Structures are given as structure tokens and as C-alpha cells.
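Everything quoted here is computed from the prediction, not taken from an experiment.
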Amino acid sequence: MGEREGAVAALRAELARLGVTDACEIGDGVTLSVWLGLVVRFRDGFYRWQEGQVRQRHLGTDPTGCAIRVARRYAELQTDVPLWWEGLAKVLRRDAAQGPS
């Protein structure tokens with residue numbers, strides 16, 4: 001397992017420890033989907049996450065610190081679902097209803 005894959009696995013384990021158990025790696029070895037529209041990537045030695053159109057960076061390589069920040073934001077998003085989320089969910093539902101091309 002390389003540095004990037006190990007970093008994503010460590011972040012996923014820390015998120016699970018904090019109660020975020022539905023995060024999943026999306027198949028590229030560097031991206032973890034935490035919630036619809038909330039993803040975390042490990043690149044250039046830093047954890048970076050994107051929430052809708054907003055990009056953030058955790059100033060460190062420690063999975064614990066990043067997991068705490070992302071888990072906190074995940075809880076906030078579930079409590080107060082942002083407007084962009086419903087739009088993204090509609091697009092994805094429409095794509096799923098149309099089936100594979």
C-alpha cells in the first residue's frame with residue numbers, strides 16, 4: 001500500500017472511530033466520499049476536502065485532525081442540509097432513474 005492509499009485508509013479508520021461509518025473510497029485510491037457532495041482527497045501530502053463547490057485544506061498530514069474537522073462538518077451538514085445538496089441529489093436521482101447509457 002502506497003502513501004496515498006495508506007493516508008486514505010487511516011482517514012477512513014479515524015472517521016469510523018468518530019462515528020462516520022458510511023464513508024467509502026471511490027476507487028482511485030486517493031478519494032474518500034464522506035457524504036453526497038462531501039469528499040476528501042489526499043494529494044501532495046495534504047488532506048483536502050470539497051463540500052459542494054467549496055474547497056478546504058487541512059494544514060497537516062495527520063488523519064486524526066482531518067477526521068475531526070470533516071466529521072464535525074458532516075454532522076453540521078446532516079443537521080442543516082445546504083441548498084446545493086438537494087440540487088445535487090436531484091441530478092443524481094435523475095441519472096439513476098435513466099439507467100446506464
Q | Arg17 side chain near Thr64 side chain, heavy-atom distance below 4.5 Å | A | yes
Q. Which heavy atom in Ser33 sits nearest to a heavy atom in Ile26, and how many Å separate them?
A. CB-CG2, 3.7 Å
Q) Arg48 versus Val40: any side-chain heavy-atom pair under 4.5 Å? A) no
**Q.** Beyond-backbone contact of Trp49 with Arg69, side-chain heavy atoms, under 4.5 angstrom
**A.** yes
Q) Are Val30 and Val34 connected in the hydrophobic side-chain network, where two residues link if heavy atoms are under 4.5 Å apart? A) no
Q) When you measure from the side chain of Tyr47 to the backbone N and O of Gly65, does any donor-acceptor pair fall under 3.5 Å? A) no
Q: Indicate the atoms forming the closest heavy-atom contact of Glu14 with Ala67, along with that distance.
A: CB-CB, 3.5 Å
**Q.** Leu38 and Gln50: CA distance, side-chain angles, deciding distance, side-chain contact (heavy atoms from CB on, under 4.5 Å) verdict
**A.** CA-CA 6 Å; Leu38 178 61; Gln50 183 169 344; over 6 Å; no
Q.
To check you understand the geometry: which heavy-atom pair defines the closest contact between Leu18 and Ala71, and what is its length?
A. CD1-CB, 4.0 Å
Q: Without swapping roles, check the side chain of Glu25 against the backbone of Asp28 for a donor-acceptor pair under 3.5 Å.
A: yes
Q: Step through the shown structure and confirm whether more than 12 heavy atoms of other residues, nucleotides or ligands are within 6.0 Å of CZ on Arg43.
A: no
**Q.** Pairwise distance CD(Glu76) to CD(Glu51) - rounded to 0.5 angstrom
**A.** 8.5 Å
Q: Return the minimal non-hydrogen interatomic distance between Phe42 and Arg4, and the atom names on each side.
A: CD2-CA, 3.8 Å
(Q) With clusters defined by side-chain heavy atoms of hydrophobic residues (ILVMFWY) lying less than 4.5 Å apart, directly or transitively, does Ile68 cluster with Trp35? (A) no
Q) Between the main-chain N or O of Gly2 and the side-chain N or O of Glu5, is there a donor-acceptor pair closer than 3.5 Å? A) yes
Q | Side chain proximity check, Arg72 to Val70, heavy atoms < 4.5 angstrom | A | no
Q: Indicate yes or no: at least one non-hydrogen side-chain atom of Leu32 is less than 4.5 angstrom from one of Leu15.
A: yes
